[in-house]
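I have placed the structure first, in the form of structure tokens, so that the comments after it can refer back to it.
Each chain gets a letter, A, B and so on, in the order its sequence line appears, and its residues count up from 1.
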Amino acid sequence: MPELPEVETVRQSLESKARGLTIVEVKVLTPQVARAGVFEDFASALQGLKFLDFERRGKYLIAVLEKGLRLVVHLRMTGRWVYCAPEAPLAKHTHVIFKLSDGNELRFTDVRRFGGMEIVLAEDLDTHSALAKLGVEPLSESFTPEYLGELTRNKKAKIKSLILDQSRLAGMGNIYADEALFLAGIHPGREAATLSEEELRRLHTAIRQVLAEGIANRGTSFRDYVDGEGQQGQNQLSLKVYGRSNQGCVTCGTALGKLRIGGRTSVYCPNCQGGR
DNA sequence: CGGACGGCCTGGGAGC
DNA sequence: TGCTCCCAGGCCGTCC
């Protein structure tokens with residue numbers, strides 16, 4: 001389940017490994033995963049183009065290619081985009097292989113096939129159906145306690161659902177949402193509008209902190225996630241609530257509770273995050 | 001309009 | 001052991 005820190009870590013890997021390399025050949029093993037956009041054929045549209053850069057927006061990876069093309073990639077839950085040697089064993093569920101000018105390969109793998117990649121013209125990025133809807137980047141300067149206050153004002157929705165809404169805050173997922181709410185001492189089911197200014201400030205700080213730590217730890221490898229070189233992250237060792245229901249709170253020892261909010265499992269400390 | 005929920009997929013683990 | 005069932009959750013479409 002790659003969220004902002006995982007996607008950012010993959011971006012960093014690919015930038016250091018594949019930036020400046022040319023796509024010599026593209027092999028599409030699962031056509032529905034590789035969407036050609038306005039082009040006739042995915043592979044032939046990309047062949048011969050150089051990877052100029054790798055960018056990220058929310059949980060989307062955007063490979064900047066020559067000729068004004070962008071490859072928009074989403075890993076969803078189990079997607080991997082990994083730079084590897086050509087002799088590396090072919091993983092099951094490998095869907096797209098990019099042969100690179102240095103002799104190595106970029107392989108897109110996705111067990112559940114929720115993820116995928118799409119060729120988009122640079123001038124169409126701003127109006128792209130998915131990218132255009134994304135909200136503010138939580139690690140950018142635009143994300144302030146005041147912005148969080150605007151998001152929650154008069155909102156009856158539960159605070160966790162709100163910070164998971166990609167059209168409001170781009171890049172939060174279930175793991176970092178639970179961790180941020182724990183760090184801020186706020187119950188995930190709290191009605192958003194009831195948060196005090198002090199709580200909004202705490203939540204703002206906590207969101208930035210858990211995301212920054214996630215990046216510093218190169219992502220959370222709880223199940224499937226690996227970085228752009230196939231390496232596991234270390235942030236799973238720092239999780240305080242996610243995946244720890246019924247275990248003791250690291251702060252007070254109380255057994256962590258579990259409930260469903262907006263269809264997602266939420267783990268929290270009934271004592272430290274008790275308020276309403 | 002916004003919130004809730006099912007569908008998309010497969011593998012892993014629990015329970016029998 | 002092997003079968004069934006449930007869960008994992010990002011995003012989209014549908015419904016109310």
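Identified under the salt bridge (Lys or Arg N to Asp or Glu O under 4.0 Å) test for residues 15-28 of chain A, with sequence neighbours left out: Arg11(A)-Glu15(A), Glu15(A)-Arg19(A), Lys17(A)-Glu229(A), Arg19(A)-Asp53(A). Contacts classified as salt bridge (Lys or Arg N to Asp or Glu O under 4.0 Å) and involving residues 57-74 of chain A (residues at least two apart or in different chains) are given here: Arg57(A)-Glu137(A). Annotation: side-chain hydrogen bond (donor to acceptor under 3.5 Å, both in side chains) contacts involving residues 115-124 of chain A, sequence neighbours excluded, comprise Glu118(A)-His128(A).
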For nucleotides 10-12 of chain B, print each protein N/O atom paired with a nucleotide N/O atom at under 3.5 Å, atom names and distance only.
{"unit_1": "dT10(B)", "atom_1": "OP1", "unit_2": "Arg113(A)", "atom_2": "NH2", "d": "2.5"}
{"unit_1": "dG11(B)", "atom_1": "OP1", "unit_2": "Lys92(A)", "atom_2": "NZ", "d": "3.3"}
{"unit_1": "dG11(B)", "atom_1": "OP1", "unit_2": "His93(A)", "atom_2": "NE2", "d": "3.0"}

Any protein N or O atoms within reach of nucleotides 11-15 of chain C? Criterion: under 3.5 Å, listing atom names and distances.
{"unit_1": "dC11(C)", "atom_1": "OP1", "unit_2": "His74(A)", "atom_2": "NE2", "d": "2.5"}
{"unit_1": "dC11(C)", "atom_1": "OP2", "unit_2": "Lys59(A)", "atom_2": "NZ", "d": "3.4"}
{"unit_1": "dC11(C)", "atom_1": "O4'", "unit_2": "Arg76(A)", "atom_2": "NH1", "d": "3.1"}

TODO: Could you give me the CA-CA distance, side-chain angles and deciding distance for Lys160(A) and Asp178(A), then say whether salt bridge (Lys or Arg N to Asp or Glu O under 4.0 Å) is met?
DONE: CA-CA 8 Å; Lys160(A) 180 170 174 185; Asp178(A) 273 6; 2.7 Å; yes
Open item on the list: Pair Val96(A), Leu29(A) - check side chain to side chain contact (heavy atoms under 4.5 Å, CB included), show working.
Closed with: CA-CA 6 Å; Val96(A) 186; Leu29(A) 310 178; over 6 Å; no
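Between Thr265(A) and the phosphate of dC7(C), there is no side-chain N or O to OP1/OP2 separation shorter than 4.0 Å.
Tracing side-chain contacts under 4.5 Å through hydrophobic residues (I, L, V, M, F, W, Y), one never reaches Val7(A) starting from Ile62(A); they form parts of separate clusters.
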- [ ] Let me have DNA chain C in dot-bracket notation, would you? Count Watson-Crick plus G-U wobble pairs, both distances under 3.5 Å, and use [ ] for pairs crossing earlier ones and | for inter-strand partners.
- [x] .|||||||.|||||||
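Between Gln32(A) and Arg168(A), the residue anchored closer to the 5' end of DNA chain B is Arg168(A), taking for each the nucleotide with the nearest heavy atom.
Not one N or O on the side chain of Ser167(A) forms a donor-acceptor pair closer than 3.5 Å with the backbone of Leu134(A).
Applying side-chain hydrogen bond (donor to acceptor under 3.5 Å, both in side chains) to Thr220(A) and the options Tyr242(A), Tyr225(A), Tyr176(A) leaves one that passes, Tyr176(A).
dC9(B) sits 16 Å from dT14(C) when the P atoms are compared, rounded to a whole Å.
Side-chain polar atoms of Tyr83(A) and Asp227(A) form no donor-acceptor pair below 3.5 angstrom.
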